[in-house]
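Encoded as structure tokens, the structure appears first; notes follow it.
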Amino acid sequence: MQPLLLVWEESQILLRILNGSFQTLDVIKERIFHDLFCSKANLDVIDMRQDNIVQNVNRDEQGSKDWSSKGNESNQEGDSTVGFNVLDAMLKRSLDRLKSMRERILSAEAGISNCTLEINFNKDAYVVRAMCLDGKLGAALSLWWNMIQNSIVPDVITHNYLINGLCKNGELEKAEWIVRGMLYRGPSPTCAAYNSLIRGYCLMNDVDKALNTFSTMANHGIIPNRVTCNILVHALCKKGLLEQAKNLFYKLLSKNHVRGSSDLITSTIMMDGCFKNGDTDQALAFWKRMLKERIQVDKVSYNVVVHGFCLSHDEGTAYKYSCEMLKLGFVPDVYSYNTLVGALCRQGKTSDACYIYDVMTRMGVIPDQITYKMVIHGLCINKEIDRATCFLDYMLENSIIPEPLVWNVIIDGYGRCGDIQKASYIRGKMVAFGVLPNIYTYNALIYAQIKSGNFSAAQSLEKEMLLYGLTPDSVTYNLLIGAACNLGLLHSALQLHDELLRKGCQPDVITYTELLKLFCLQGMMREADKLFGKLLASGLAVDHVPFLILMKRYCRMREYNKVYDLYQQWLMTMPR
DNA sequence: ATAGGGTTAG
């Protein structure tokens, strides 16, 4: 077993203790809410307060987790001491949290009589916000418009919720329209509103428009903040414009003489960008700068480093950082586990990947679609299809309905192993769970049938997909044409080729090669030469296969001049 | 209070 796996075992004990205390806290939390509800008459007002409390509790929880990591930094005595310190800190935090919750409840109680009016007045605004967070933007917009028409102008924050929701939905025009309305009738848009717009444009891959909005801000006297820069740095990195991103980063540094945790996110973005653009050295330079400047790194930045080394296929170093992260007391989350699972699957170490899956579930980290997708994909590549199907069942047991890709990978896996029964069974299950088969599903099924020599079954599958409104692609046609060619069914092959063209599908090198093979087999050399000329004129990247097929044939026909010509032609296509 | 960083990829 790898050393990494031993560390996981060790850390498990510590993390179980942590999980246990969080569960205890949840029980306490529930009890308090229960008491709160039973002792109050005006539930309406309590509702609002409860939201506040929940938010604060969540924030506190976040805080205490962060603390645990900082606390470990200064403690070099050993892992058990670290564990107790973390636990102590958590208990202290939870007591503080209970105290502040109690205070909040008391003050809510005291303020009920004079708060009711004000809260009810703002209620619509809160509904607008809630609807925005829920993605129900149409409803949010109409309620907001209703308010405006009744001369009730909601506050800036509510407006920002709307703008942000619209931007995340890609409805930039509507968001811009709201901002224009704000400039005209108030409240004046804040930096957050513009940040939402900028991010919205970045998500639409329109960095120019984002930069445009960035300069518009200044015209309205709004100074971009760090978040604005983070959004832009991120977008520039994603576009591969590392130099521009770096420039912005250093400009930001020079503006902020006070360095602190705020550097963390920007640095993490830069590091991630460098890793993803293949510049590991530059990424490490950012990491070292962070350590040198005594910026408290966090779980996310560790996840970025681990993933970065996985990207550059240096899994050993990735594991090293992953262990370092554990030793510092960071509790791995779904990103940490998924990164490892992904790396192990890529290396074909499916057993280790399954082991990590096991560890994460035991730690109470719930595997998500991505975890399952990677494990299932990895197992199918390794031809462990039955094992992959087990994971499919785990997903279904946990009420995660996989996207078509996951089903298709398994169907394809069974097909490649020649197990049509199981492939069809999975297709049936997929339909039963309400997931519609797509073109890849059919291509996998067609492949399975062809591999088992059932050309007519493959053909009826093609008819079936047309019936369901799916258009076969070049892969479908290549499979069918290839099968027809191998069976020497000249007529079927040409008919399929004809159908391909009629459907507006572009034949690719494979299509041409299959047909070429057929013409050669049938001794139709005039057609073969004509098709070959068409292939060379098509502009498609031609590999050696069509040349070899023709040369072999002409060899057998003893037309050595032809063979020589082809050989010369082939040399011409090679890079010099 | 609202806005910002990390996991996949036929």
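Since the model is a prediction, treat every value here as computed from it, not as a measurement. Chain letters run A, B, ... following the sequence lines, proteins first, then strands; residues in each count from 1.
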| task | Might you confirm whether atom CZ of Arg294(A) has over 12 heavy atoms from other residues, nucleotides or ligands at distances under 6.0 Å? | result |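 At most 12 heavy atoms, drawn from other residues, nucleotides or ligands, come within 6.0 Å of this atom.
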| message | Other residues, nucleotides and ligands only: do more than 12 of their heavy atoms fall within 6.0 Å of CD1 on Ile223(A)? | response | no
Take atom [atom1] of [X] and atom [atom2] of [N], then tell me their distance rounded to the nearest Å.
X         : N       : atom1 : atom2 : answer
Trp407(A) : dA9(B)  : CH2   : C1'   : 20 Å
Leu197(A) : dG4(B)  : CG    : P     : 12 Å
Ile157(A) : dT2(B)  : CD1   : P     : 8 Å
Ile410(A) : dG10(B) : CD1   : C1'   : 14 Å
Ile400(A) : dT8(B)  : CD1   : P     : 18 Å
Tyr126(A) : dT2(B)  : OH    : P     : 11 Å
Asn160(A) : dA1(B)  : CG    : P     : 13 Å
Asp333(A) : dT7(B)  : CG    : P     : 12 Å

Counting only side-chain nitrogens and oxygens, does [X] get under 4.0 Å of the OP1 or OP2 atom of [N]?
X         : N      : answer
Lys276(A) : dT7(B) : yes
Arg199(A) : dG5(B) : yes
Asn164(A) : dA3(B) : yes

Select base, sugar-phosphate, or nothing to describe what [X] touches, counting heavy atoms under 4.0 Å on all strands.
X         : answer
Val300(A) : base
Ile269(A) : sugar-phosphate
Asn408(A) : base
Lys168(A) : sugar-phosphate
Ile231(A) : sugar-phosphate

Looking only at side-chain atoms of [X], point me to the closest of [options].
X         : options                : answer
Thr268(A) : dG5(B), dA1(B), dT7(B) : dG5(B)
Met374(A) : dT7(B), dT8(B), dG5(B) : dT8(B)
Lys373(A) : dT8(B), dG4(B), dA3(B) : dT8(B)
Arg129(A) : dA1(B), dA3(B), dG5(B) : dA1(B)
Val227(A) : dT7(B), dT2(B), dG4(B) : dG4(B)

| field | Phe249(A)/Phe286(A) aromatic ring centres below 6.0 Å | value |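 They qualify: ring centres under 6.0 Å apart.
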| said: Regarding dG10(B), can its base be found pairing with the side chain of Asp412(A) as donor and acceptor, where the two atoms are less than 3.5 Å apart? | reply: no
| said: Can you say whether a donor on the side chain of Asn225(A) sits under 3.5 Å from an acceptor on the base of dA3(B), or the other way round? | reply: yes
| said: Between Asp473(A) and Asn443(A), is there a side-chain donor-acceptor contact under 3.5 Å, judged purely by atom types and distance? | reply: yes
| said: We want to know whether Tyr357(A) and Tyr337(A) form a side-chain donor-acceptor pair, criterion being a heavy-atom distance below 3.5 angstrom. | reply: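 No donor-acceptor contact under 3.5 Å links the two side chains.
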| query | So Trp287(A) and Tyr321(A), would you call those rings parallel, tilted or perpendicular, with 30° and 60° as cut-offs? | reply |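 It falls in the perpendicular class, over 60°.
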| task | Check whether the aromatic ring of Tyr194(A) stacks on the base of dA3(B), taking stacking as ring centres less than 5.5 Å apart and planes within 30° of each other. | result |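 The ring of Tyr194(A) is not stacked on dA3(B).
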